[in-house]
**Student:** 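Quick one: structure below, then a few questions.
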Protein chains: 2
Amino acid sequence: MNVTEMKRPRGRPSVFDHEEALDKALLVFWTRGYEGASMAELTDALGINRPSIYAAFGNKEALFRKVMRKYLSGPVSYVSEAFQQPTAKQAVEMLLIKSAEFLGNPDHPKGCMLVQGALTCGQGAELIQQELAGFRKGYENALTKRLEFAQSHHDFPKEINPAEFAKYIATVHQGMSVQATSGATKEELLAVVSLVLKNWPR
Amino acid sequence: MNVTEMKRPRGRPSVFDHEEALDKALLVFWTRGYEGASMAELTDALGINRPSIYAAFGNKEALFRKVMRKYLSGPVSYVSEAFQQPTAKQAVEMLLIKSAEFLGNPDHPKGCMLVQGALTCGQGAELIQQELAGFRKGYENALTKRLEFAQSHHDFPKEINPAEFAKYIATVHQGMSVQATSGATKEELLAVVSLVLKNWPR
DNA sequence: CTATTTATTTACCGTTCGGTATTTAATACT
DNA sequence: AGTATTAAATACCGAACGGTAAATAAATAG
């Protein structure tokens, strides 16, 4: 049985593709941040009327969370991929190089939405702000685990505290995002990464 | 002639100190960002009525710029101070150590207002966003100049591109700001700085 | 052909936004 | 004492905000 000939649902069919709409919403949230993106601008970008957005995704907060999920599992999926590299150095290398290429890519908004989505915010968006900080902390913790694993396999110097080194790499990573948002190019970011990797601890 | 017995101005005297008011406004903009800070919240924090703010400082944008000037010449004046250290290494060392202590200081909002004031923004605040990016770029350029000077005095390896190294330091610096905003402590930031300084090029 | 279901469209809601006109109070000058 | 000057306080403005009720259109099920 072919999926393309599935029985169509009961009522009036949606005139827009939900996944495509989320992609369009991503571009707005990415450039504007959670609060900077107004429902009016989102409505324009999605090309559908406002009640349709609410019917399909819930309110602004719910829409943002759905967009976030797409963002994490899509554009930045290279992060968890990097952690699976055979050595710790290769893992960090891939993480930073792919990040430089991603953050400075002119084909989509510059910088990382996890950083610029809601670094600060007005009253009422603190929850989103905390959630984004939580995702960032999550990546940092995953990197710590990766380095602890490497350390236990003699792949990372035992003199270095994995949590501290992970925070150092995360700091560079987030700094690269700020740089990209302010206009840094892929090449400039790669030069930064090169300086970081040049001094890999041994 | 004593300044304390200066002739008082003509009309009804101001009931609030303008500089103190700017300090209070700074705390709001620092935590909320330019757009996240509402005039209502600013009014509450300053303890004066809204028309008084407009009469004293102009509109929200003008108020923010006056606050910015105080911020640059006050809390973060250590940056230009650091550049005057005798050697390049001492300059960067002081820059990063003082930054760690400043960004993680729990006595005022965490992070740097130059970074979190308007990393992203809605329509209408792009000018402020660009101005903040300009200030960040200004610091980076000043650091580049400092390293070029050091290079010409055999105080910095001639194999390293000063602009690239300055961007690396600026990237770490801005990353530290993001980390601080998300809750990183002074001690954690100092550990990051220690890792950066451990690999000073020679 | 009718009923049911679902989506789109239009028009609108109350709240908050940044900003101000107007009135009232406090001081100095004459 | 009266007037000019300056600031504070009250009350308000239009616009933009996120969000929704009600009506209409397009499909399936019987």
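Hydrogens, waters and symmetry mates play no part in the numbers below; they use all other heavy atoms, side chains included. All chains are named by letter (A, B, ...) in the order of the sequence lines, taking the proteins before the strands, and each is independently numbered beginning at 1. Just so we're clear, the structure is a prediction, and the values are computed from it rather than from any experiment.
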**Student:** Under 4.0 angstrom, heavy atoms only, what part of the nucleic acid is A:Ser38 near: base, sugar-phosphate, or nothing?
**Tutor:**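 Sugar-phosphate contact only.
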**Student:** What's the CD1-P distance between B:Ile53 and D:dA7, to the nearest Å?
**Tutor:**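 Taking atom P of D:dA7 as the reference, CD1 of B:Ile53 is at 15 Å.
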**Student:** Ring centres under 6.0 Å, that's the criterion: do B:Phe156 and B:Phe165 meet it?
**Tutor:**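 Ring-ring flag for B:Phe156/B:Phe165: true, centres closer than 6.0 Å.
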**Student:** Nearest whole angstrom, please: distance from the C1' of D:dG18 to the CZ of A:Phe29.
**Tutor:**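 Answer to the nearest Å: 12 Å.
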**Student:** May I ask you to verify if any side-chain N or O of B:Ser14 is less than 4.0 angstrom from the OP1 or OP2 atom of D:dA8?
**Tutor:**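 Yes, B:Ser14 has a side-chain N/O under 4.0 Å of OP1/OP2 on D:dA8.
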**Student:** Just the atom pairs and distances: protein N or O near nucleotides 24-30 of chain C's N or O, under 3.5 Å.
**Tutor:**
residue	atom	partner	partner atom	Å
C:dA25	N3	B:Arg12	NH1	3.1
C:dT27	O2	B:Arg10	O	3.2
C:dA28	O4'	B:Arg10	O	2.8
C:dC29	O4'	B:Arg10	NE	3.3
C:dC29	O4'	B:Arg10	NH2	3.3

**Student:** Which is it for B:Tyr34 and B:Val67 under the side chain to side chain contact (heavy atoms under 4.5 Å, CB included) test, yes or no, and what are the steps along the way?
**Tutor:** CA-CA 11 Å; B:Tyr34 172 67; B:Val67 164; over 6 Å; no
**Student:** Ignoring hydrogens and geometry, is there a side-chain-to-backbone donor-acceptor pair from B:Gln123 to A:Ala37 under 3.5 Å?
**Tutor:**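 Side chain of B:Gln123 to backbone of A:Ala37, a donor-acceptor pair under 3.5 Å: no, none is there.
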**Student:** With 3.5 Å as the limit, what N/O pairs link the protein to nucleotides 10-14 of chain C?
**Tutor:**
none

**Student:** Rounded to the Å, how far apart are A:Ile128 CD1 and D:dG18 C1'?
**Tutor:**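 The distance from CD1 of A:Ile128 to C1' of D:dG18 comes to 14 Å, rounded to the nearest Å.
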**Student:** Taking CG from B:Asn59 and C1' from C:dC17, how many angstroms apart are they, rounded to a whole number?
**Tutor:**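 Answer to the nearest Å: 14 Å.
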**Student:** Counting just side-chain N and O atoms, does A:Ser52 come under 4.0 Å of either OP1 or OP2 of C:dT8?
**Tutor:**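 Yes, within the criterion.
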**Student:** Please give, in whole Å, the distance from C:dG18 C1' to B:Arg32 CZ?
**Tutor:**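 Atom-to-atom, B:Arg32 to C:dG18, this comes out as 17 Å.
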**Student:** To the nearest Å, how far apart are B:Glu35 CD and D:dG18 C1'?
**Tutor:**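 Taking CD of B:Glu35 and C1' of D:dG18, I get 16 Å after rounding.
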**Student:** Can you confirm whether A:Leu195 sits close enough to B:Lys167 that some side-chain heavy atom of one is under 4.5 Å from a side-chain heavy atom of the other?
**Tutor:**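 Answer no - side chains too far apart.
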**Student:** Just wondering, are more than 12 heavy atoms of other shown residues or ligands nearer than 6.0 Å to NZ in A:Lys145?
**Tutor:**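 12 or below, so no.
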**Student:** For B:Arg69, does the CZ atom sit with more than 12 other heavy atoms under 6.0 Å from it, leaving out its own atoms?
**Tutor:**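 Atom CZ in B:Arg69 is not packed in, count stays at 12 or less.
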**Student:** Report which part of the nucleic acid B:Ala125 touches: base, sugar-phosphate, or nothing (heavy-atom distance under 4.0 Å, all strands).
**Tutor:**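 It contacts nothing in the nucleic acid.
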**Student:** Whole angstroms only, please: what is the OH-P distance between A:Tyr54 and C:dT9?
**Tutor:**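 It is 17 Å, rounded to the nearest whole Å.
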**Student:** Closest approach of B:Gln129 and B:Cys121, non-hydrogen atoms and distance?
**Tutor:**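 Closest approach of B:Gln129 to B:Cys121: OE1-SG, 3.4 Å.
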**Student:** Decide whether A:Glu93 and A:Gln85 meet the rule of one side-chain donor and one side-chain acceptor closer than 3.5 Å.
**Tutor:**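 There is no such pair between these side chains.
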**Student:** Among A:Glu188, A:Lys186, A:Glu187, find the residue that satisfies the side chain to side chain contact (heavy atoms under 4.5 Å, CB included) test when tested with A:Leu190.
**Tutor:**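 Exactly one option meets the side chain to side chain contact (heavy atoms under 4.5 Å, CB included) with A:Leu190, and it is A:Lys186.
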**Student:** CG of B:Leu42 versus P of C:dG18: gap in Å, rounded?
**Tutor:**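 Atom CG in B:Leu42 sits about 8 Å away from atom P in C:dG18.
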